[in-house]
Amino acid sequence: MTEESKRRQTALFRLVAKIPRGKVTTYGELGRALGFHARLVGRLLHTNNDPLNTPCHRVVRSSGELAGGYAFGGPNIQKNLLESEGIVFQKQKIDLKTYGWEAR
DNA sequence: ATTAAGGCATGAA
DNA sequence: GTTCATGCCTTAA
């Protein structure tokens, strides 16, 4: 892990932690706000070293669907957490127009 | 030490 | 719903 990557992780986590409760954002949004590509966001989250302080469950795909089986503890956990925050799923998907958060 | 190939928690066409 | 394009990282030789 290089210092560069660590710095990106810090920026990413900082922004992710800024997501309000009950809202979600997409990898692309985060990537665009941070200045790097969506894939890198997923990469950094996958190599996430601080998942406890990083509400990665609020980060979903561009389609509003959950990331998948590669999530921190499983997609079911993520779904549960999101529902606990008041987010309503529609056929395993989230309405980004309602719960989407504008990264900034 | 450097170089090569594969894989991914994506996005857009 | 499927396929293509793209960036970075991880592991292997």
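Here is how names work: the chains are called A, B, and so on, in the same order as the sequence lines, proteins then strands, and each is numbered from 1.
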Undergrad: One thing to verify: whether A:Glu4 and A:Arg7 come together as a salt bridge, which I'm taking to mean a side-chain N less than 4.0 angstrom from a carboxylate O.
TA: no
Undergrad: Under 3.5 Å, which protein N or O atoms sit close to an N or O of nucleotides 3-6 of chain B? Give each pair with its distance.
TA:
none

Undergrad: Answer with base, sugar-phosphate or nothing: what part of the nucleic acid does A:Arg32 contact at a heavy-atom distance below 4.0 Å?
TA: nothing
Undergrad: Rounded to the nearest Å, what distance is computed from the CD atom of residue A:Glu65 to the P atom of nucleotide B:dG11?
TA: 11 Å
Undergrad: A:Ser62 has a side chain; which of B:dA9, B:dA12, C:dC9 sits nearest to it?
TA: B:dA12
Undergrad: Starting from P on C:dC8, measure out to CD on A:Gln9 and report it in whole angstrom.
TA: 15 Å
Undergrad: Got a sec, which pairs hit side-chain hydrogen bond (donor to acceptor under 3.5 Å, both in side chains) with one end in residues 94-104 of chain A, sequence neighbours left out?
TA: A:Asp95-A:Thr98
Undergrad: Would you mind telling me which of C:dT10, C:dC8, B:dT10 lies closest to the side-chain atoms of A:Tyr27?
TA: B:dT10
Undergrad: NA contact type, A:Ser63, heavy-atom cut-off 4.0 Å: base, sugar-phosphate, or nothing?
TA: nothing
Undergrad: Heavy atoms only, 4.0 Å cut-off, all strands: where does A:His37 land among base, sugar-phosphate and nothing?
TA: sugar-phosphate
Undergrad: State which of B:dG11, C:dC8, B:dA9 makes the closest approach to the side chain of A:Ala38.
TA: B:dG11
Undergrad: Identify which nucleotide among C:dC9, B:dG11, B:dA9 has an atom closest to any side-chain atom of A:Ala67, counting heavy atoms from C-beta outward.
TA: B:dA9
Undergrad: Let me have the donor-acceptor pairs involving side chains of residues 77-90 of chain A, under 3.5 Å, with sequence neighbours excluded, atom names and distances please.
TA:
from: A:Gln78; atom 1: NE2; to: A:His57; atom 2: O; distance (Å): 3.1
from: A:Gln78; atom 1: NE2; to: A:Val59; atom 2: O; distance (Å): 3.4
from: A:Lys79; atom 1: NZ; to: A:Glu83; atom 2: OE2; distance (Å): 2.7
from: A:Asn80; atom 1: OD1; to: A:Ser84; atom 2: OG; distance (Å): 3.3
from: A:Ser84; atom 1: OG; to: A:Asn80; atom 2: O; distance (Å): 2.8
from: A:Glu85; atom 1: OE1; to: A:Gly22; atom 2: N; distance (Å): 3.4
from: A:Glu85; atom 1: OE1; to: A:Arg58; atom 2: NE; distance (Å): 2.9
from: A:Glu85; atom 1: OE2; to: A:His57; atom 2: NE2; distance (Å): 3.1
from: A:Glu85; atom 1: OE2; to: A:Arg58; atom 2: NE; distance (Å): 3.0
from: A:Glu85; atom 1: OE2; to: A:Arg58; atom 2: NH2; distance (Å): 2.9

Undergrad: Of the nucleotides C:dC8, B:dA9, B:dT10, which has the atom closest to the A:Phe72 side chain?
TA: B:dA9
Undergrad: Which one, C:dG7, B:dG11, C:dC9, comes nearest to the side chain of A:Thr26?
TA: B:dG11
